Amino acid sequence: DKYIFCIGEKSSTEGLKTGLKGVFILVVNPEKNGLVDKNGTCSTSLSGIYSIIAPKDLFNFIAPIFPQKMVNIGFVYNSDISAFAFSQFSQSCPEGFQISSKDVRDKNNILPAFNTMDADIFIGLMDPMIYAPQTFPSILQTCVLRRKGFIGYAPTQIKQGALLALYCDYEDLGRQAAQIIMQTIKNDTSAKMYYPEKFKYAINLSIAKHLNIKFSEDTIKKAENVIS
């Protein structure tokens, strides 16, 4: 039997046409690409690994930052691009958190959304319209001026002013994908979606100080990158 390993949206789209079993990675919106249904269930012969870290991992990570209050998490997203990613967080919101969101489809409304939303901290999604190179610096500046933290999804974002960035361990992603294929070969399992098993993070301590947010020494020590 033959199996296929697809990396990215174009590869996964072509992989679907083969009808082979296998696994895909690095697809931002698997629902839009016909890889899963609206509930996140695989609708093809391909298993997959989400590009975002598990929402429960992110919520657990930031919980100690706000130990004694209900935390209002803000999401600004374009439902044509990142509705699926947003749904993963909204469906997994644990006790102690609540979610505020704005669906923005006009670039002119991006900064007003960040200026007016009542949130303790914002979480960025992989949405190239909202977080474009032209808009991202202004978004972070707005968050800093409002004394609102921003959690990004790429390590370079802390250099631009994000408080935190949490992202999948891309090297381990390859290992995990290979393991899924081996399980499929051995057990002939049905297609299934997985979250990355490992993630990394980076911290901007200068922004943390501005926001009066403290991280434990252990958290700082384990960060892949720290800006003081």
Side-chain angles (χ1 to χ4, degrees), residues 1-61 75 77-93 103 105 123-133 136 151-157 165-202 224-225:
D1 291 339
K2 295 181 178 180
Y3 298 85
I4 191 167
F5 180 24
C6 304
I7 303 175
E9 293 184 1
K10 290 184 178 180
S11 174
S12 300
T13 300
E14 292 301 313
L16 282 178
K17 298 176 183 178
T18 69
L20 296 174
K21 290 186 176 183
V23 63
F24 69 85
I25 62 172
L26 302 181
V27 176
V28 174
N29 191 337
E31 180 187 9
K32 187 175 182 180
N33 286 273
L35 297 162
V36 301
D37 62 22
K38 63 180 181 180
N39 297 315
T41 303
C42 287
S43 52
T44 73
S45 57
L46 295 176
S47 295
I49 305 175
Y50 291 117
S51 295
I52 59 173
I53 71 169
K56 68 177 181 62
D57 289 338
L58 192 149
F59 285 126
N60 288 339
F61 188 92
F75 287 88
Y77 70 105
N78 179 339
S79 59
D80 290 333
I81 299 173
S82 54
F84 183 80
F86 172 68
S87 71
Q88 299 299 290
F89 282 95
S90 61
Q91 294 170 12
S92 305
C93 187
D103 180 2
R105 306 189 188 190
I123 293 178
L125 301 174
M126 293 181 181
D127 190 318
M129 191 207 90
I130 303 296
Y131 303 107
F136 195 55
I151 299 176
Y153 49 83
T156 55
Q157 292 172 341
L166 293 95
Y167 42 94
C168 63
D169 183 330
Y170 291 103
E171 290 185 5
D172 191 71
L173 204 63
R175 177 207 59 79
Q176 185 180 353
Q179 186 178 50
I180 293 170
I181 289 181
M182 293 304 295
Q183 289 174 348
T184 303
I185 294 172
K186 183 178 180 180
N187 302 317
D188 195 28
T189 55
S190 301
K192 181 181 177 181
M193 286 302 298
Y194 301 83
Y195 283 107
E197 292 178 354
K198 295 183 180 181
F199 68 91
K200 296 182 178 181
Y201 60 91
E224 183 180 41
N225 188 24

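Since this is a predicted model, take the numbers as computed values, not measurements.
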Ignoring hydrogens and geometry, is there a side-chain-to-backbone donor-acceptor pair from [X] to [Y] under 3.5 Å?
X      : Y      : value
Asp127 : Met129 : yes
Gln157 : Ala154 : yes
Gln88  : Tyr50  : no
Glu31  : Gly40  : no
Asn60  : Lys56  : yes
Ser11  : Gly8   : no

To the nearest 0.5 Å, what is the distance between [atom1] ([X]) and [atom2] ([Y])?
X      : Y      : atom1 : atom2 : answer
Ile151 : Ile123 : CD1   : CD1   : 5.0 Å
Gln179 : Tyr194 : CD    : OH    : 9.0 Å
Glu224 : Leu166 : CD    : CG    : 11.5 Å
Asp80  : Asn29  : CG    : CG    : 10.0 Å

Which pair of non-hydrogen atoms, one from [X] and one from [Y], has the smallest distance, and what is that distance?
X     : Y      : answer
Phe59 : Cys93  : CE1-CA, 3.9 Å
Leu35 : Ser12  : CD1-CB, 4.1 Å
Ile52 : Ala85  : CD1-O, 4.3 Å
Asp57 : Phe199 : CB-CE2, 3.8 Å
Ser47 : Cys42  : CA-SG, 4.2 Å
Gly34 : Thr44  : O-CG2, 3.4 Å

Go through the steps for Gln176 and Lys198 under the test side chain to side chain contact (heavy atoms under 4.5 Å, CB included), then give the verdict.
-> CA-CA 9 Å; Gln176 185 180 353; Lys198 295 183 180 181; over 6 Å; no

Phe86 and Gln91: side chain to side chain contact (heavy atoms under 4.5 Å, CB included), yes or no, with the steps?
-> CA-CA 9 Å; Phe86 172 68; Gln91 294 170 12; over 6 Å; no

Run the side chain to side chain contact (heavy atoms under 4.5 Å, CB included) test against [X] and tell me which residues pass, sequence neighbours left out.
X      : value
Ser92  : Pro55
Ser79  : Tyr77, Ala83, Asp103, Arg105
Ala177 : Phe5, Val23, Ile25, Ile49

Please tell me if the side chains of Ile81 and Pro128 come closer than 4.5 Å, counting only heavy atoms from C-beta onward.
-> yes

Any Thr184 side-chain heavy atom under 4.5 Å of Tyr3 side chain = yes

Lys32/Glu9 salt bridge by N-O under 4.0 Å criterion | no

Decide side chain to side chain contact (heavy atoms under 4.5 Å, CB included) for Leu125 and Ile130; before the verdict, give the C-alpha distance in whole Å, the side-chain angles of both, and the deciding distance to 0.1 Å.
-> CA-CA 9 Å; Leu125 301 174; Ile130 303 296; over 6 Å; no

Checking ring pair (Phe, Tyr, Trp, His ring centres under 6.0 Å) against Phe89, which of Phe75, Phe84, Tyr153 comes through?
-> Phe75

Test log, rule side chain to side chain contact (heavy atoms under 4.5 Å, CB included), inputs Lys2 and Lys21 | CA-CA 8 Å; Lys2 295 181 178 180; Lys21 290 186 176 183; over 6 Å; no

What about Tyr167 and Tyr201, are their ring centers closer than 6.0 Å?
-> no

